[in-house]
Structures are given as structure tokens and as C-alpha cells.
Amino acid sequence: METKDIIEQIRSSNGANGQLLGCLLKIQCELIGSKYGAVVQLANGDSVNVLAIEPEAVNDDAMPEWLKGIAGSLNEAGQSCSAFEGINGSWYAIMPIDCGDLGWVYCAVWLEDGSRSGAQKAIEKLELSVCLLTIGGQNIKSGDSKASVRRLARAMEVLSVVNSQKRFVSMAMAFCNEIATQWQCEKASVGFLKGRYVQLKAMSGTENFSRKMELISDIEAAMEECLDQDVEVLWPCGDEVTYVSRAAANLGQNNKDAAVLSLPLRIDGDCFAVLSVQRPKEMGFTIEEIETLRLVCELCGASLKNMNVQDRWFGSKLMMNMRNSLGMLVGAKHTWAKMLSVLICGFLVFMFVAKGDYKVQTSFNIEATYLQSVPAPFDGYIKEVNVEVGQLTKEGQTVLAALDTVELRLKLAEYEAERAEYQVEKDAANNRGDNAVVQIYQAKIAKVDSQIDLLKYYLANARIVSPISGCIVKGDLKRKINSPVKTGDVLFEVAQLESLRGQLQVPEDQVLDVVVGQQGYLATASYPGQRIKFTVEKVSPVAEVINQRNVFMTQVKLEERPQWLRPGMEGVAKIYVQEKSYAWIWTRKIRNWFKMKFWL
């Protein structure tokens, strides 16, 4: 059947569902060059109802072989266009269509090109007409079927002429000429967006034109005005319109005071081209004509855009693809995703390129190398305590405490009296010339003198003085005043501040990274803002269990000793090992875990 016969049949269908679907099926078969097609609807189970078939079957009960078993494919297709391989290696395309009251129907077309690539090309062409079928179904539902059918028929005439062309220039010329003929326009022009401007590609009745012509400049200005606002621009127009029509008015006034209509061509909501038509001002444009031209733009836009891309030479296609790819990277869309990608890429580059100090972090405590114990000099009672733990002392000057000497002084007086008695007896025996008695009393006097010397020694040491300069680390005795003490009991411990050192607890998994001579810094819990530099002196070869983990005690020499530093202080120490990339530093533990877990 010829195209004009199909158009005539559409005009005479009066919007009847069966006739319209049959005509539209014939149009689709003609678009993709197929001999067999059907419009079906799913019924209960795996059966289908055939609404239209091409070619028309003589026996209604007979279903062609290629259409059998199609219900399963329809269930798989759902509401998306799909291509399926049928029996005997044949292929067919399925196009779902929403037809209003009819519900969802499926257009199944058998493909002569029995390959997947041929099926994809057929689907692309079928998608051009799915909008037409949907609009047709909506128009059937609306009740204005005759006017809708007329618009569809005129749009299909333009679509048929456009799809018959194989090159972009001829397709654009046919598009403009057909619109100018059907709508009795003086000029019909189509321009495509190139960069930020619209470039005229074709004009009805004119094969060659110069861009320096004033008419061409006016047409392109009107097209850019339409594209910038992304609305249909009509001139002359009423005062109630909200769009700008200055360029359209300029075009109409310079073109024999003609009426101008510019319509955007869109795909997925993006305007890529503009159709501009001019006709005598007295004729104007009716709403029905504008709606029909809008439908023509929707149906023919995809073909024009695809052909504009496919008909370019290889270098142009390559540059366009590169520009589109770069546009996706640096364009205005998906700003947050691009920003996140840039941040992630920058972070990865920073991780693998930038280097930082790999440090072994561990806990520590301060201890004294030299610790002086201060014992009780004799048995007695604590009379007074003059210092507390943490207080600084000076060698030979700071009195730590004093013991009670009352009992010692009484004993001293007793022994002195006893010595005087022995001296009198000795002198009497000496006067008598009794040498034996004299020697006896001399021995007694010597014994008493030794006791007197001992008591005087005790009295001299009753005041306990710090033996070294340092810090009291033990000796909180103020609550033990008047308490007894024994000779040799440790009353105080004094740490020499010059002998302070750090004792680090290096974890087992990092001990091999620590060697003698490395330097680092430590910070105490008391003064976390101040760093004390140290040098590693010794690493213990034997592990110790502290807080249920294996650690190696490491001694460090403090390069500086602030006045506030005291034995027993704790905090965090960091040993600087070497420079490594941040990726190596941050993934060291997880890499070691994987190596241990999977024996890598």
C-alpha cells in the first residue's frame, strides 16, 4: 500500500480504534521495511488478543508462526522497547504503547534483517512513532478524534518525507519544503544549535544561501530568541504574552510584514534546534496549526538530530564526542558529583604522591635513674614533718623531718651523771694507790663514754636533712606524727631530676621499626601542649605483658628537662622513623592484618 493510501485511510477512519491501530501498524511496517506486524494485547494466562495485523489475515483464527508464543516475550518486555529472537533464528521488535482506555498494547514487528544490530535500528525507528501512537490513543479518549486524526495525518506526511531521505542536508531541505507546502508558508527554516549560537541549516525553496544576507541574520536571531527562552514564539502576538518577541518582530517587519512562528525541537527536554516559519500576516497561525507543527517537531526531531550526527565526516564525529565527553566533565550539570569526583581524585593523588613522617606512637612514663632513700637514724618517734611528696629539696639544706629527742636527752643526762660517779670513785682509788680498782673504773668510764657518744650522734641526726638535691617521690608522713619508727625504716625517697628518663611501651607490631638513635617527642598528660624531645637509648629484647598486650620497654634520653617534669608522669610519645607516602602510613595496619590473616 502506498503512503498516500495510508494517509487517506487515516483520514476516513473517524477515530475508530481498530481502523486507526491498523493504519498506524502499516505506517510502522513501512518505516522499518517489514512485511509482517501485529498489535496485540495480553489476555489471561499466556494468551494474546490480536487487535491489528499486517498483512491482514484471510482467516481470523489463523495466527502466523512468527507470532506464536509471544506472550512470554511480552511479559519480559514489560513497558520498555525490546528485541527478541524468535523461531528459526528470526528477530522481532516489541514496542509497548499506552492507548488510554484500551490500556497497554504491544506492537510486534517481524524483522527481515535477522540480527541484533538490525533489531536495534528498527527499535530506534519505532520509537519515533511511539509518541504518535500514544497521542492517537489520548485523542481517541478525548473525543476530538477527527481533528486529532487530521493532525496526525499531516504530521505523518512530513515524517514519511523526512525518513525517506538518506543525507542530512536533503532531509532538512525536505523537512522545510514539506512544511512550507502544507502550511502555505513563504519561508520555512530550520537551524541547529552550534556552540552558543543557532546556525541556519536549511531553508525552503533555497539550496544555497549566504550567511552575510540580512534575511539569514534576522532568521538566526529569531531562532536564538526562541531557543534562549525555550518557548514557542509567535508574532504578531497579544499584549498578554510573557515571552520576548523582538527578533521575531524584526524578522516579520523586514520580510514583507509577515507572521512569524518559531518552535523549539527538543529531545529529553533539551532544545537542540529551532523551526521558524513565515507566512502572510493576514493568514496568521491558528491554534490547530501550531499544535500540528508542534507535533511535527516532536516526531521529526529525533530523525533530524540523528542524521545530523551520523552524516558528519569522521573527524567531526570524533571532535564532537570529545567535546561531549569534556562537557560532561566540566559542564554545568552534575556539579556536586563532579566536585566529589575531583575531591576524591585529589585525595588519591595526595595519598600516593605526598609523603609524611611515619611515627611510632606509644605510651610512656617518666622514671628516675638515681633514687636516694632516706631511712630513720634510730628508733624513736616522729616529731615533725616539713616536706610533702613532689616538693623540691636542696642537698644538706632542706630539713625533711625531725625525731623526738626528749628520751635521748634524759638518757644522756643519766649517762653523764653515771660517768661523774665513776670518775669520783676512780680518783679515790688512785689516791689510795689501789691500781686494780683504778683500772676497773677506767673501763666503766670508757663504757659510759661510748653510750654518751652514741646518744650525741642520735641527737645530731634527729633532724633528717635531704642527702641530695631533687624531688620528694615518697614520704607522705604528716599523718604519722608521733608515730614510732625503727632504725632503717625508709621515711623518704628523693629522685634526682637530672637523672630522669622516659620508659616507652612500644607495641609488638612496631618494635622492629624502632632503633637506637632515633628521635621523637613526648607530651605528658599534665602539659599536653608542651613537647619534650628525646633520643632512643635502648630497646628491651624481651616483651612484657602490660594491659593484656605485648610491649617492649624502650628507654629514651630526655634532651630537655623542664622544671615541672616529675617522675611517674605519663602521656603519649611519638618516635619519628622515616618518610613514607600517606597511603603507606594509613594502610599499614590493615596490610599487616591481611598478610597475617591470609599468609600473604
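These values consider heavy atoms only, across backbone and side chains, with no hydrogens, waters or symmetry-generated copies.
With no hydrogens or angles considered, no side-chain donor-acceptor pair links E225 and Q229 at under 3.5 Å. Of the N and O atoms on the side chains of E157 and Q182, at least one donor lies less than 3.5 Å from an acceptor on the other residue. No hydrogens or angles considered: nothing links the side chains of N177 and S204 as a donor-acceptor pair under 3.5 Å.
The cationic atom of K574 (NZ for Lys, CZ for Arg) does not lie both less than 6.0 Å from the six-membered ring centre of Y521 and within 45° of the ring axis.
In this structure, D311 contributes its side chain and F168 its backbone to a donor-acceptor pair below 3.5 Å. No side-chain donor-acceptor contact under 3.5 Å links Q278 to the backbone of A259. Checked by atom type and distance alone, the side chain of T206 never pairs as donor or acceptor with a backbone atom of M203 at under 3.5 Å. Side chain of S581 to backbone of W584: a donor-acceptor contact under 3.5 angstrom is found. N308 places no side-chain N or O within 3.5 Å of a backbone atom of L304 that could act as its donor or acceptor partner. The closest donor-acceptor contact from the side chain of T292 to the backbone of E288 lies under 3.5 Å. At least one donor-acceptor pair under 3.5 Å links the side chain of S164 to the backbone N or O of V161.
The side-chain contact (heavy atoms from CB on, under 4.5 Å) search around M596 returns none, not counting sequence neighbours. Scanning for side-chain contact (heavy atoms from CB on, under 4.5 Å) contacts around L234 gives Y243, L261, F285, I290, with sequence neighbours left out. Qualifying salt bridge (Lys or Arg N to Asp or Glu O under 4.0 Å) partners for D230, counting only residues two or more places apart in sequence or in other chains: R266. Under the side-chain hydrogen bond (donor to acceptor under 3.5 Å, both in side chains) criterion, R246 pairs with no residue, sequence neighbours left out.
The side chain to side chain donor-acceptor pair (under 3.5 Å) analysis of residues 589-599, with sequence neighbours excluded, yields the pairs T587-R591. Among residue pairs with one or both ends in residues 190-207, none qualify as salt bridge (charged side-chain N to carboxylate O under 4.0 Å, His left out); sequence neighbours excluded.
Just one residue in the list V360, I575, V577 forms a side-chain contact (heavy atoms from CB on, under 4.5 Å) with Q510, and that residue is V360.
When the shell of 6.0 Å around CZ of F209 is examined, it contains more than 12 heavy atoms from other residues, nucleotides or ligands.
The aromatic rings of Y582 and W586 sit tilted relative to each other, their planes meeting at an angle between 30° and 60°.
Ionic pairing of R279 and E289 is present here: one or more N-O contacts between side-chain nitrogen and carboxylate oxygen are shorter than 4.0 angstrom.
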